[in-house]
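To find a chain, count down the sequence lines: A is the first, B the second, and so on, and within it residues start at 1. Since the model is a prediction, treat every value here as computed from it, not as a measurement.
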Amino acid sequence: MAGPRTFYVTTPIYYVNDLPHIGHTYTTVVADALARFHRLAGDDVYFLTGTDEHGQKIERAAKARGISPKELADEVVENYRKLWPALAISNDDFIRTTEERHRRGVEALFARIRERTPDAIYKGKYVGWYCTGCESFYPENQVVDGKCPEQGHPVERVEEESWFFRLSAFADRLLELYDSHPEFVLPETRRNEVRSFVAGGLRDLSISRSRSKVSWGLPFPGDPDHVVYVWFDALTNYVSALGFGDPEGAPLYEKYWREAPDATVLHLVGKDILRFHAVYWPAFLMAAGLPLPTTIFGHGWWLRDESKMSKTRGNVARPGPLLEDFGADALRWFLLREIPLGHDGNYSDEAVLDRTNSDLANNIGNLFSRVVALVAKGEKGTVPAVEPLYDDELGEATREVRERYRAGFESCDPAAALRALTDHADALNRYLVRQEPWRRKGREEHCSRVLRTVVGELAHLALRLHPAMPGAAATFWQALGLGEDPATEIAAGKDLLAVDDWAVGGNSVQGPLKVFPRLDKKKVLGEAIAADGGGGRDAAAGRPAKPGKEAGAKKKADAAPDEDEGAGIITIDEFFRVKLRTAKVLKAEPHPNADKLLRLEIDLGDEKRQLVAGIAKAYRPEDLVGRTIVVVANLKPAKLRGLVSEGMLLAATGPDGVPHLLMPDGDVPPGSPVS
RNA sequence: GGCGGUGUAGCUCAGCGGUAGAGCACGCGGCUCAUAACCGCGGAGUCCCCGGUUCGAAUCCGGGCACCGCUACCA
């Protein structure tokens, strides 16, 4: 006989280079809610989070402070370890990639891959850019103008020996996986992206770095001159935490990692790291001949003023101040309820406040308070032990609402599940209005049965609030005289959501109850603004906002529809931001690594530059030399097939798509302004 | 440039061939057991544009436009 279903849910491991922000908080809260839901449903749940602690950035940051990388990691990891309990995160384990068990897991995975697919890992040459100033590697697309993106140091092209994973050999099997298991990548739109990425061909993956350049990492098994590079190290946490590679045996791994047919493994990740989880990770596992996770879910981002939060913009929302203002329960409810998982959402304090007031204060909080007061007054605080009295409307509503709740969580749509809960409360409010249990004269029996019914329904509601708001759920549970916490009822194999009627008759209810007081918008938002000087939550979190930029961006967003820019019109000032200049072509030759591109050397009067232009099909290099053309002089440099282009030449596109170069009429010296 | 997605009420979004919907916000009425709560009613939308298929299209097809994502020998 099969045991209960197992449910293994993970967050990504967070890089200890950064303090926790709303994004980390979001992923972790969603994972927690799912874990708690599955526990209520009687599933055998294991919930993992942790930290990623290796790599150049940590090494560098530690060096700057004169401490060891491990000391730095130990320090930063505390921010996460303290935050999660404050948010009522119920993780069963917390893994750090600097732990011994993780090293063992990585080594075991290597060994297993080499055993099952001997040619999957091979030695080759890594070609990339190395910045000696930062002591960091940068991929092709990040190097700008021959300089590193962080500090603007010059970078040098490096070629060194590296170990590779033969990712290219797995494309067909991955495509087969996406097609035969559509739930492997969710939501669907992300699966399409991942699929087309893989269909476009995969390049082998460099999975090591020379120890002389990066020393803060796990030793590469079998090659002490190298360390294991980022993704192979990080992804392995999902099995190393379960004891994979432990010589003493790994019961958790056996149980949760899909060795059983009824096991679900869900990796919850932000959409920015979806590819690593949906492409690299299954490929590693395939090479090792291990079972794959059930689902990789790529959720969306919280935006501010329609743009991504980032440290450089200084608009990152930090969980600390939010917890102070709203409390863990309200913040969790907001994160789960406001946007469907997978969508992006706009974060604002005002949105949290509106959500809290309408869902929690007016609706759920008020309902509990209302019923507790009714029982206190009408029944002297004891829930009458009588038969419930369901009218048709309530009976239908409760059935429907419970189905939607379960379906919502089971399909990774917590927002839908929580919507079912406020609908449940609505249905109960309407029931009370229909039945009027406060009009007792001559209808005591009826009123008692009505109150018994509502309290029974509130027990269902309180139980179901637990995944989203464990604190409030416990308070409500106690107020109904049911015990300390619905969580104490949890047991593997016992589906609490299937309980038909909680025996509330005879319970003493405790009031008055005011769990979610209504928040005064002006007061709370006013204080938040006053407290940090108008920059939102950021300054309070120690990250000063940039008031000018912030305000400007917001105004633009708000005003856009009725302004000229709505019609694609720009102002003269905007036009003048583009610096157009004439330039003389000094040299032209084919791009060494592309057949549609030409490499040009141009004279801008005061300087010479290299341009890469997509005109090889229309112009021969020798026809260009000596000609005067028009270029955008202040365009951000970019690399095209390995060559930096420091500007863009202007050309008219003919009806057939062929470019026709713009040239000034008459003779002007190179570098002349164009307007 | 290629692929995918989105465009519906002030806001967030559901509907995906049969008389335009929900929540929030807003207005009016009711009630007073409850947290200015709750209940009821209401306003407003060429369902992005043009064309087609159909007895009938927000929904299907074709063509545009705009925005978003992924990707590229775009700069």
**Student:** From the options A:Asn357, A:Asp423, A:Asn429, A:Asp426, select the one residue that forms a side-chain hydrogen bond (donor to acceptor under 3.5 Å, both in side chains) with A:Asn363.
**Tutor:**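 Answer to the side-chain hydrogen bond (donor to acceptor under 3.5 Å, both in side chains) test with A:Asn363 among A:Asn357, A:Asp423, A:Asn429, A:Asp426: A:Asp426.
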**Student:** Let's test this: given Watson-Crick or G-U wobble pairing with both distances under 3.5 Å, identify the partner of B:G62.
**Tutor:**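 The answer is B:C50, by the H-bond criterion.
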**Student:** Given the C1' atoms of B:C65 and B:C55, what is the spacing between them in whole Å?
**Tutor:** 32 Å
**Student:** I'd like to know if the side chain of A:Tyr431 reaches the main chain of A:Val454, judged simply by a donor and an acceptor atom lying under 3.5 Å from each other, with no hydrogens or angles considered.
**Tutor:**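 Side chain of A:Tyr431 to backbone of A:Val454, a donor-acceptor pair under 3.5 Å: no, none is there.
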**Student:** At 4.0 Å (heavy atoms only), tell me whether A:Gly200 reaches a base, stays on the sugar-phosphate, or touches nothing.
**Tutor:** nothing
**Student:** Please report the distance, rounded to the nearest Å, between CZ in A:Arg370 and C1' in B:A36.
**Tutor:**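 Distance, rounded to whole Å: 15 Å.
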**Student:** Looking only at atom P, what distance separates B:C33 and B:C28, rounded to whole Å?
**Tutor:**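 Straight-line distance between the two P atoms is 24 Å.
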**Student:** Ignoring hydrogens and geometry beyond distance, is the side chain of A:Arg430 in donor-acceptor contact with the base of B:C39 at under 3.5 Å?
**Tutor:**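 Check fails, no donor-acceptor contact within cut-off.
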**Student:** Measure from CD on A:Glu338 to C1' on B:A25 and round the result to the nearest Å.
**Tutor:** 13 Å
**Student:** Taking pairing as Watson-Crick or G-U wobble with both contacts under 3.5 Å, can you name the mate of B:A9, or confirm there isn't one?
**Tutor:**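 Result: none.
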**Student:** Measure from NZ or CZ of A:Arg195 to the centre of the six-membered ring of A:Tyr178 and say whether it is under 6.0 Å with the direction within 45° of the ring axis.
**Tutor:**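 Output no; distance or angle outside limits.
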**Student:** When rounded to the nearest Å, what value does the distance between P atoms of B:G7 and B:U12 take?
**Tutor:**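 Straight-line distance between the two P atoms is 12 Å.
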**Student:** For a quick check of understanding: with a heavy-atom distance under 4.0 Å over all strands, which category does A:Phe516 fall into, base, sugar-phosphate or nothing?
**Tutor:** base
**Student:** Which label fits A:Phe368 and A:Phe476: parallel for a plane angle under 30°, tilted from 30 to 60°, or perpendicular past 60°?
**Tutor:**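 Rings of A:Phe368 and A:Phe476: parallel, under 30°.
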**Student:** I want to check a possible cation-pi pair here: A:Lys271 against A:Trp301, using under 6.0 Å from ring centre and within 45° of the ring axis as the test.
**Tutor:**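 Judged by the rule (NZ or CZ under 6.0 Å from the ring centre, within 45° of its axis), A:Lys271 counts as positioned above A:Trp301.
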**Student:** Scan A:Val371 against the nucleic acid and name what it touches under 4.0 Å (heavy atoms): base, sugar-phosphate only, or nothing.
**Tutor:** nothing
**Student:** Whole-Å distance between B:C13 C1' and A:Arg355 CZ?
**Tutor:** 11 Å
**Student:** Among B:A34, B:A14, B:C24, which nucleotide has an atom closest to any side-chain atom of A:Ser358?
**Tutor:** B:C24
**Student:** Does B:G17 pair with anything, Watson-Crick or G-U wobble, both distances under 3.5 Å, and if so, with which nucleotide?
**Tutor:** none
**Student:** In whole angstroms, how far is the P atom of B:C73 from the CZ atom of A:Arg599?
**Tutor:**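 My rounded result for the distance is 19 Å.
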**Student:** So, is A:Lys514 close to the B:A34 phosphate, meaning a side-chain N or O under 4.0 Å from OP1 or OP2?
**Tutor:**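 No, outside the criterion.
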**Student:** Using a 3.5 Å distance criterion without hydrogens, assess whether the side chain of A:Ser168 forms a donor-acceptor pair with backbone atoms of A:Leu202.
**Tutor:**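 No, A:Ser168 side chain to A:Leu202 backbone: no donor-acceptor pair under 3.5 Å.
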**Student:** Let me know, please, whether A:Lys271 or A:Leu649 comes out on the 5' side of the other along RNA chain B by nearest nucleotide.
**Tutor:** A:Lys271
**Student:** Only pairs with both distances under 3.5 Å count, Watson-Crick or wobble alike; so what is the partner of B:G43 in this structure?
**Tutor:**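 Pair assignment: B:G43 / none.
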**Student:** Roughly how many Å apart are B:C16 and B:G29, using the P atom of each and rounding to a whole number?
**Tutor:**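 The same atom, P, in both gives a distance of 38 Å.
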**Student:** What does A:Ala373 touch in the nucleic acid at a heavy-atom separation under 4.0 angstrom: a base, only the sugar-phosphate, or nothing?
**Tutor:** sugar-phosphate
**Student:** Within the side chain of A:Asp603, is there an N or O that forms a donor-acceptor pair under 3.5 Å with the backbone of A:Ala583?
**Tutor:** no
**Student:** What does B:C70 pair with, Watson-Crick or G-U, if both distances are under 3.5 Å?
**Tutor:** B:G2
**Student:** Could you pick out which residue, A:Asp354 or A:Asn429, lies toward the 5' side of RNA chain B when each is mapped onto its nearest nucleotide?
**Tutor:**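 Nearest-nucleotide comparison on RNA chain B picks A:Asp354.
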**Student:** May I have the distance from A:Asp359 (atom CG) to B:A22 (atom P), rounded to whole angstrom?
**Tutor:**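 For the pair A:Asp359 CG and B:A22 P, the rounded distance is 17 Å.
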**Student:** Which is it for A:Glu379 and A:Leu451 under the side chain to side chain contact (heavy atoms under 4.5 Å, CB included) test, yes or no, and what are the steps along the way?
**Tutor:** CA-CA 9 Å; A:Glu379 310 284 347; A:Leu451 290 178; 3.8 Å; yes
**Student:** Could you give the CG-to-C1' distance, from A:Asn362 to B:G23, as a whole number of Å?
**Tutor:**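 Rounding to the nearest Å, CG of A:Asn362 and C1' of B:G23 are 13 Å apart.
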**Student:** Of the non-hydrogen atoms in A:Cys447 and A:Arg440, which two are nearest, and what is the gap between them?
**Tutor:** CB-NH1, 3.5 Å
**Student:** Taking the side chain of A:Asp426 as its heavy atoms from C-beta onward, which of B:C39, B:U35, B:C33 lies nearest to it?
**Tutor:** B:C39
**Student:** Looking at residues 183-197 of chain A, who's got a heavy atom less than 4.0 Å off RNA chain B?
**Tutor:**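 Residues of residues 183-197 of chain A that come under 4.0 Å of RNA chain B are, in numerical order, A:Arg190, A:Asn192, A:Glu193, A:Phe197.
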**Student:** Heavy atoms under 4.0 Å, any strand shown: does A:Ala613 hit a base, just sugar-phosphate, or nothing?
**Tutor:**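 Here A:Ala613 touches the backbone only, sparing every base.
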**Student:** Mind checking the C1' distance from B:A9 to B:C61? Whole angstroms is fine.
**Tutor:**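 Their C1' atoms lie roughly 28 Å apart.
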**Student:** Quick one: do A:Tyr26 and A:Trp302 satisfy ring-ring contact (aromatic ring centres under 6.0 Å, His included)? Show the steps, please.
**Tutor:** CA-CA 9 Å; A:Tyr26 181 53; A:Trp302 286 96; 5.6 Å; yes
**Student:** Counting Watson-Crick and G-U wobble pairs only, both distances under 3.5 Å, name the nucleotide matched with B:A36, or none.
**Tutor:**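 Pairing partner, where one exists within any strand: none, as none qualifies.
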**Student:** Between B:C13 atom C1' and A:Asn346 atom CG, what is the distance in whole Å?
**Tutor:**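 Going from CG in A:Asn346 over to C1' in B:C13 covers 14 Å.
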**Student:** In whole Å, what separates the C1' atom of B:G2 from that of B:G45?
**Tutor:** 36 Å
**Student:** Can you check the distance between B:U6 and B:C39, where both ends of the measurement are the C1' atom (answer in whole Å)?
**Tutor:**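 About 37 Å, rounded to a whole number of Å.
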**Student:** Taking atom C1' in both B:G63 and B:U53, compute the distance separating them and give it to the nearest angstrom.
**Tutor:**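 15 Å, rounded to whole Å.
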**Student:** Can you tell me how far P of B:C24 sits from CG of A:Leu353, to the nearest Å?
**Tutor:**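 In whole Å, B:C24 P and A:Leu353 CG are 16 Å from each other.
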